[in-house]
Novice: 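Okay, handing you the structure first.
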There are 2 protein chains.
Amino acid sequence: MMLSYTEENYLKALLKLSFQNEDKPEAGTNEMAAYLGVKPATATDMLKKLKEKNLVSYQKYGKILLTDIGRKSGIAILRKHRLWETFLYEKLDFSWDEVHEVAEQLEHIQSAKLVDKLEEFLDFPEFDPHGDPIPKANGEMPVITKTLLSELKNGDVCKVAAIKDTSTLFLQYLEKLHITIGTNLSVIEVIAFDGSLNIQIEDADPRSVSMKFAESLFVQR
Amino acid sequence: MMLSYTEENYLKALLKLSFQNEDKPEAGTNEMAAYLGVKPATATDMLKKLKEKNLVSYQKYGKILLTDIGRKSGIAILRKHRLWETFLYEKLDFSWDEVHEVAEQLEHIQSAKLVDKLEEFLDFPEFDPHGDPIPKANGEMPVITKTLLSELKNGDVCKVAAIKDTSTLFLQYLEKLHITIGTNLSVIEVIAFDGSLNIQIEDADPRSVSMKFAESLFVQR
DNA sequence: AATATTTGTTAGATTACCCTAACTTTATTA
DNA sequence: TAATAAAGTTAGGGTAATCTAACAAATATT
Ligand SMILES: [Mn+2]
Ligand SMILES: [Mn+2]
Ligand SMILES: [Mn+2]
Ligand SMILES: [Mn+2]
């Protein structure tokens with residue numbers, strides 16, 4: 001099916017929201033509009049079009065759910081986004097916080113061959129530079145159990161698995177701390193007072209990080 | 001300056017036409033419209049906008065000429081186009097006739113860093129897969145004297161330098177004949193009757209090619 | 001249950017790009 | 001040079017994506 005640049009962005013947004021709203025993979029109009037930076041009225045209009053094309057199912061004043069086709073299309077875009085991010089990071093020396101913006105554009109390039117060849121060129125990466133799983137050509141995606149650093153207890157050790165908050169400020173802060181995907185962390189002490197943590201980053205001297213920090217980082221035990 | 005996808009295509013078209021119309025680097029409205037596959041009325045509309053933005057200079061019913069800014073912008077797009085074609089051909093194993101279509105999309109990605117990093121990644125290529133020169137970051141472009149194969153005489157030898165007609169049919173025919181950029185050719189005989197040529201391709205047995213063929217291939221003596 | 005708040009929709013307008021049909025200007029040709 | 005042909009413009013209209021303002025429905029609060 002032929003999708004416009006904009007329609008693709010709506011589908012990807014709905015997919016992302018469906019991951020985010022863990023309980024039910026639904027989204028609301030305002031939520032979607034806020035995510036995309038448009039007004040609710042605009043989102044409603046587009047919703048009608050997407051429904052017409054059988055990409056979402058919803059009723060007036062009801063919740064929005066992607067159809068099978070809609071989800072498949074969304075995943076295809078996410079796949080492109082993450083492959084391009086990996087390309088920029090691995091091959092063109094882009095930094096962590098620079099890849100997303102350009103991938104937002106590259107994800108809309110239409111060419112089945114391009115995506116698959118790119119994946120091959122990158123040697124079939126499983127995760128993007130932020131630790132997020134890259135969907136396969138068939139739409140499959142490794143489901144990984146995500147643990148937040150903030151859920152760990154005194155003495156726990158872990159590896160950084162993925163970034164929850166991918167804002168530039170956070171990514172740049174991580175870089176400053178020499179934290180990247182795969183970095184080993186150990187929790188020395190959780191401070192009950194404010195939820196901050198004393199952690200050791202690889203072999204460096206222990207240091208304190210805030211609760212907000214610990215809630216923005218996914219780790220693997 | 002912020003240019004839309006469409007504005008970029010108009011500028012690139014004008015640049016291409018300015019190369020094509022060797023004598024004067026001008027273009028007409030109809031010519032431009034035909035090149036872009038739009039109607040003359042549409043081209044006129046866009047022309048007004050481009051003039052407003054100081055990208056072209058022209059008067060009603062007059063000829064169209066790119067301004068310095070307009071030409072610079074056009075060259076920047078051409079640079080991206082040819083770098084991407086090179087990437088697809090060299091790194092992703094795209095064939096000769098497949099690169100153009102995808103590059104038409106990729107040329108519109110906005111990121112100064114991306115272009116320059118891509119160029120570095122490709123090791124600063126001078127020519128794209130069709131033998132066309134790739135503009136440098138500063139806008140400079142090697143000016144090469146183009147000789148058509150059809151201009152050669154009996155006994156002349158040459159190397160294939162670039163492709164004039166980049167249609168899929170021609171590119172696929174060239175592939176079949178094992179002709180690529182750099183292939184050595186020697187003209188055995190020019191047939192006066194119909195302008196066809198007997199040529200030898202590298203060490204293969206001599207064969208005949210049509211005048212149309214010889215007029216579609218640029219060579220270097 | 002009544003009211004207030006939040007959420008979502010509709011109506012009407014705008015901008016970018018494109019079209020057809022009718023017209024005007026410039027160039028060619030008899 | 002007058003008629004014809006070619007080239008270019010204008011007027012009016014369509015679609016996609018966006019907006020603001022006004023309204024309607026659903027949900028939460030008293
Ligand atoms: Mn991203
Ligand atoms: Mn996008
Ligand atoms: Mn090309
Ligand atoms: Mn283009």
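Only heavy atoms go into these numbers, but all of them, side chains included; no hydrogens, no water, no symmetry mates. Numbered from 1 within each chain, the chains take letters A, B, ... in sequence-line order.
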Novice: Without decimals, in angstroms, what is the distance between K39(A) NZ and dA22(D) P?
Specialist: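 In whole Å, dA22(D) P and K39(A) NZ are 15 Å from each other.
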Novice: Classify the side-chain pair N9(A)/H108(A) by whether it contains a donor and acceptor separated by less than 3.5 Å.
Specialist: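 Looking only at side-chain atoms, H108(A) and N9(A) do form a donor-acceptor pair, the distance falling under 3.5 Å.
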Novice: Report the residue from L55(B), T42(B), T29(B) that forms a side-chain contact (heavy atoms from CB on, under 4.5 Å) with L47(B).
Specialist: T29(B)
Novice: Looking at every non-hydrogen atom in both residues, tell me the closest pair between S57(B) and T67(B) and how far apart they are.
Specialist: N-CG2, 3.9 Å
Novice: Atom CG of L50(A) to atom C1' of dA16(D): distance rounded to whole Å?
Specialist: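 Rounded to the whole Å, the gap is 13 Å.
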Novice: Here's a test for you: under side-chain contact (heavy atoms from CB on, under 4.5 Å), which of E126(A), K136(A), R82(A) qualifies with M141(A)?
Specialist: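 Of E126(A), K136(A), R82(A), side-chain contact (heavy atoms from CB on, under 4.5 Å) with M141(A) is met by R82(A) alone.
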Novice: I64(B) CD1 to dA7(D) C1': how many Å, rounded?
Specialist: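 Distance, rounded to whole Å: 11 Å.
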Novice: When the distance from NZ of K53(B) to C1' of dA16(C) is rounded to whole Å, what number comes out?
Specialist: 10 Å
Novice: For D156(A) and K153(A), indicate whether the former's side chain and the latter's backbone hold a donor-acceptor pair under 3.5 Å.
Specialist: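 Yes.
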Novice: Please give, in whole Å, the distance from dT15(C) C1' to M46(B) CE?
Specialist: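 Rounded to whole Å, this separation is 12 Å.
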Novice: Would you mind reading off the distance between K51(B) atom NZ and dT9(D) atom C1', rounded to a whole angstrom?
Specialist: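 Atom NZ in K51(B) sits about 13 Å away from atom C1' in dT9(D).
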Novice: Using a cut-off of 4.0 Å between protein heavy atoms and nucleotide atoms, how would you tag nucleotides 4-10 of chain C 5' to 3' with B, S and -?
Specialist: ---SBBB
Novice: Taking OP1 and OP2 of dC18(C), is either one under 4.0 Å from a side-chain nitrogen or oxygen of Y10(B)?
Specialist: yes
Novice: Would you mind checking if K53(A) and E7(A) are paired as a salt bridge, meaning a charged N to carboxylate O distance below 4.0 Å?
Specialist: yes
